[in-house]
Asks: 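The structure follows.
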Amino acid sequence: MTIPDSGCVMENGASCLPCTPEEEKKIVTDLRNESERNLKEGNLYFVISSSWFRKWERYVGIDGDENLIGNQSSDSRHINGASSVVAERPGPIDNSDIVENGSDSDGKGNDIQLRRMLIEGQDYVLVPQGVWEKLHGWYKGGPELPRKMILQGVYHKKFDVEVYPLCLKLVDSRDESQSTIWLSRKASLTELFQKVCALKGIEQDKVRIWDYFNKRKYAQLYVSNKTLEESNLQMDQDILLELVDGHQSSKIGMDSTGNDLALVSLEPSRSPLTIAGGPTLSNGHSGYRSNLYPGSSLGSGLTDMDDGFDACNSARKGEKGGLAGLQNLGNTCFMNSALQCLVHTPPLVEYFLKDCRAEINTDNPLGMHGELALAFGDLLRKLWSSGRTAIAPRVFKGKLARFAPQFSGYNQHDSQELLAFLLDGLHEDLNRVKQKPYIEMKDSDGRPDEEVAAECWKNHKARNDSVIVDVCQGQYKSTLVCPVCSKISITFDPFMYLSLPLPSTITRTMTVTVFYGDGSRLPMPFTVSVLKNGFCKDLLLALGTACGLKSDESLMLAEVYENKIYRYLEMPLEPLSSIKDDEHIVAFRFQKKEIGKTRLVIFHRWQEKAELFGTPLVTYLVADQSSGADIEAAVSKVLSPFKKISSAKAHVGKENGILLDGLDEECSCSDAQSVENAELEGTSCTDLSIPLRLTDDRVMNFNAFKKDTLFESGKIIGKLLRVVLDWTDKEQELYDSSYLKDIPEVYKAGLAAKKTQQEAISLSSCLDAFLIEEPLGPDDMWYCPRCKEHRQAIKKLDLWMLPEIIVFHLKRFTYGRYLKNKIDTFVNFPIHDLDLSKYVMSKDGQSYLYELYAISNHYGGLGGGHYTAYAKLIDENRWYHFDDSHVSAVNESDIKTSAAYLLFYKRVRSESKVEAGEASHSHSIS
């Protein structure tokens, strides 16, 4: 569609173009889809304030969940019903709430900077250039905030919009003045030199630029195609500008062929240093490091000065190692927290302080050619040899950005996600298996668990054999049961950590309105608590208890949408995950003996407007043959609770000045009947005064019927009759229809936002929740070999074998359809003597007693917050708090907090098992 550029201008400055909201929505959707089909490096995207963009979405009729700019898609039937309220056209685009104070609101381009710590989707959205041009043409405003798409990663490439370019502080050595430079981290050093020279008005061959991290000359930078990210330059760090003496060569730092040299340390040569338990180091590195792979990237770039390590200031004689902090390089506290826990893991410390070069696997296609393991080992050695001098893990962060682009940039990330990547990456880089054999997995087929478990572990070790497998991997038993044919499948899978749900996250509250099929009472909502991954049978059981269901009664669940019954929830094993929080679920209460008879569904329609309203009612026709009069009587009976009673009649329900059963000025006829068999305005409660017609499943066609019309149950298709009541103003005066219209949603998201203080829970209760039987999610279906179809199987996990080091991940972050939340519940976990023996099915003679040695903590909310770590120095038997570069001793009694996120435990071996454990592999299965 072509939109003309001319048009009238509204008072708010927006362009009054001949474009309807529907047309705007279609144009933007088409442009976005076209942009997604043509992703490439360098594409322009624009940042728009979420506050303004949400107004535009409401104006064009986009549901909050509709997938237009990266949000989750919603059910189309909800989208169709979302446009009933017409929103006001928004004013000019206003990005003032997301830019730094003092930014020029009329400016364009890179001079206007975003406020730090903004979250995509919450504070801003990204739109392709074509979308921005249309929106800006329609609405004007601004300022424009263009950002480029970059390509991240080495082996696993991904496109990413660089919302926050690299900010460098240029220090001029002549007068110590400072200037700010903004460049993409993918920009080359050549581009950096060009920008600096243009800013200062200096010729390029007369300048020298230094990496001036922490106000120290780390390395000289040279004109080249090397990127700023590859040069380990960090957000907000300093670079130093020096003028070159006229007699000095402009090729300082180049070799005779004009090629770049590796980053040059300025420190004088040092004496060799020995770390306890490790080889002799020179300049802070193991002797084999610098020439491990001559000519490759593994042998260069990992200098001690890069990380701020200075052997002259390293561990003094008698000073304990392992007490060095890690500098924050810009929202890297998540990385620092996970790293401190790993570098204080005793088996890993022992392993990396020794010569492990023989196990570096450079050929593994699933690994990082050994670079991640080398970078981690290099960092671990520095942390254990630098005394209390904080290390800047710039090289390690650079490697992380190359191999895991999801952790690049300067956004906050999840320490558990980083830990999972590191353990897996270290394993692949250190995998002793050079050629992985192909192994066809076999089903259990009724064989003993011990046999199947041993076979699965043997197959796993044939392809995966590293120090990570040795000390960090255990095995669990997974049982799947097909809900249709009851086929049982048992497998034994490895695990590297256990993600434990907090009991408060495995349940959900659901509000269901119960209607009485016999018309004995008014409908009443009941709120019950059920398992999130439970079934409809669990909801029915909880509802039955809440509403006092009798043994001869039954409940039928149904979803109501657009004043119709959208579907009946009659499958006991239908997962509750299929019921969304914003849906309206009702239950109809019947006598069990009525089930199987003809079901009568009653719809409500305003006769004047010819439109449906309210919740349909359901009852049963007990007789095998019913007349039109029987149908009218059944409908009248179901409607009887909704009849109003005048205040003059209400006095009969009073006792000692108080209305019985809550009767007020108006009350239901059924309640009044318990006191007096009253008649209302000359009409008995069994007389039907509303016109009644037969209708079809779409409630589109309507046919009158007579009282003597006969309906035989056997001839009614599906034993289902549908009728519609035509309401007029007269019936509205006689009946209280609010009970039909005001049906609460299953769950009100707004209520969840009000956090209430929760009771403490135990680690064992989290383990119990992890091991509970539950159905697979709808997106994780299991292919049943007997049914030859994907099924939502019932899954049960059991721990079979535990590793030397076990990590518990407490799942504090929950992501719902409308709400993202962090659970700050205090989890009471043992520091000593964690006994897991009752959870382990295999009795392999190992000790199942564990002791805590590290914790990764998270403080604050989603998208931000702060990570720290507690770690225990085993030899010293003392705990320390690692808060980025700050390290301090802490009492053991203070380490248990509601911020605990990752718990690291090591096996405690009894004296009688130490010798046996040293002689055999800890995970061997005989």
Side-chain angles (χ1 to χ4, degrees), residues 439-460 474-503 505-508 510 528-545 554-557 567-579 764-802 811 836 838-843 925:
I439 299 175
E440 185 174 352
M441 303 304 295
K442 300 178 183 178
D443 202 350
S444 56
D445 287 333
R447 292 181 292 162
D449 284 349
E450 290 76 11
E451 178 184 338
V452 179
E455 179 184 88
C456 289
W457 187 254
K458 179 182 177 182
N459 292 341
H460 176 66
Q475 190 181 38
Y476 62 77
K477 175 186 176 183
S478 176
T479 304
L480 293 171
V481 181
C482 179
V484 177
C485 71
S486 299
K487 163 70 176 176
I488 298 176
S489 174
I490 297 176
T491 58
F492 290 83
D493 303 304
F495 68 85
M496 210 140 34
Y497 52 86
L498 297 177
S499 291
L500 307 183
L502 276 62
T505 68
I506 66 170
T507 60
R508 65 185 288 199
M510 301 183 72
V528 296
S529 180
V530 291
L531 290 173
K532 281 184 178 179
N533 292 324
F535 307 96
C536 283
K537 65 176 184 178
D538 302 316
L539 177 57
L540 287 169
L541 182 63
L543 270 178
T545 302
S554 180
L555 291 173
M556 179 179 66
L557 295 172
R567 60 176 177 144
Y568 293 98
L569 304 170
E570 297 185 284
M571 295 293 291
L573 291 180
E574 177 165 356
L576 292 179
S577 58
S578 66
I579 301 176
S764 61
S765 66
C766 296
L767 264 170
D768 292 336
F770 173 74
L771 299 173
I772 198 170
E773 180 181 277
E774 61 181 6
L776 295 175
D779 298 327
D780 191 25
M781 307 277 271
W782 171 65
Y783 183 79
C784 176
R786 183 179 295 168
C787 296
K788 307 297 183 184
E789 289 187 28
H790 285 89
R791 301 294 190 191
Q792 202 164 354
I794 312 302
K795 184 174 184 178
K796 175 71 171 71
L797 295 179
D798 294 288
L799 299 181
W800 184 262
M801 180 176 62
L802 299 184
K811 297 173 69 173
L836 299 176
K838 70 175 182 178
Y839 295 102
V840 185
M841 297 186 69
S842 170
K843 306 305 177 185
I925 302 178

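Because the structure is predicted, anything quoted here is derived from the model rather than measured.
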Asks: Please list all pairs meeting salt bridge (charged side-chain N to carboxylate O under 4.0 Å, His left out) that have one or both residues in residues 484-494, counting only residues at least two apart or in different chains.
Replies: Asp443-Lys487
Asks: For Asn459, check side-chain hydrogen bond (donor to acceptor under 3.5 Å, both in side chains) against everything at least two apart and list the hits.
Replies: none
Asks: Considering residues at least two apart in sequence or located in another chain, which fulfil the side-chain hydrogen bond (donor to acceptor under 3.5 Å, both in side chains) criterion with Tyr839?
Replies: Asp768
Asks: Taking distance alone, no hydrogens or angles, what donor-acceptor pairs closer than 3.5 Å link side-chain atoms of residues 790-797 to residues at least two apart or in another chain?
Replies:
from: Gln792; atom 1: NE2; to: Leu776; atom 2: O; distance (Å): 2.8
from: Lys796; atom 1: NZ; to: Leu771; atom 2: O; distance (Å): 2.9
from: Lys796; atom 1: NZ; to: Asp798; atom 2: OD1; distance (Å): 2.9

Asks: The criterion is side-chain contact (heavy atoms from CB on, under 4.5 Å); which residues satisfy it with Thr545, sequence neighbours excluded?
Replies: none
Asks: For Trp800 and Ser842, work out which heavy atoms get closest and say how close.
Replies: O-CB, 2.9 Å
Asks: Would you please name every residue forming a salt bridge (charged side-chain N to carboxylate O under 4.0 Å, His left out) with Arg786, sequence neighbours left out?
Replies: none
Asks: Say you draw a straight line from CE of Met841 to CD of Glu450; how long is it, rounded to the nearest 0.5 Å?
Replies: 8.5 Å
Asks: What's the spacing between Glu789 CD and Trp782 CH2 if we round to 0.5 Å?
Replies: 12.5 Å
Asks: Is there side-chain contact between Leu799 and Leu836, with heavy atoms separated by less than 4.5 Å?
Replies: no
Asks: So, for Tyr497 and Ser499, which heavy atoms are closest and what is the spacing to 0.1 Å?
Replies: CE1-OG, 3.6 Å
Asks: With side chains defined as the heavy atoms from C-beta onward, is the minimum distance between Arg508 and Val530 less than 4.5 Å?
Replies: yes
Asks: Using side-chain contact (heavy atoms from CB on, under 4.5 Å) as the criterion, list what pairs up with Val452, not counting sequence neighbours.
Replies: Ser444, Arg447, Cys456, Phe492
Asks: At their closest point, which heavy atom of Pro494 faces which heavy atom of Trp457, and how far apart are they?
Replies: CB-CZ3, 4.3 Å
Asks: Looking at OG1 of Thr491 and NZ of Lys442, how far apart are the two atoms once the value is rounded to the nearest 0.5 Å?
Replies: 15.5 Å
Asks: Show your reasoning for whether side chain to side chain contact (heavy atoms under 4.5 Å, CB included) applies to Ile490 and Lys477.
Replies: CA-CA 7 Å; Ile490 297 176; Lys477 175 186 176 183; 3.7 Å; yes
Asks: Does Leu500 reach the side chain of Leu767, with side-chain heavy atoms less than 4.5 Å apart?
Replies: yes
Asks: What closest approach, in Å, do Tyr568 and Met556 show between heavy atoms, and which atom pair accounts for it?
Replies: CE2-CE, 3.8 Å
Asks: side-chain hydrogen bond (donor to acceptor under 3.5 Å, both in side chains) with Ser478: which residues, sequence neighbours excluded?
Replies: none
Asks: My understanding is that only residues two or more places apart in sequence, or in another chain, count here; which of them pass salt bridge (charged side-chain N to carboxylate O under 4.0 Å, His left out) with Glu774?
Replies: none
Asks: Could you check whether any side-chain heavy atom of Cys766 comes within less than 4.5 Å of a side-chain heavy atom of Pro501, counting everything from C-beta outward?
Replies: no
Asks: Go through the structure and list residues passing side-chain contact (heavy atoms from CB on, under 4.5 Å) with Leu557, not counting sequence neighbours.
Replies: Val512, Cys536, Leu539, Leu540, Leu543, Leu569, Ile585, Ala587
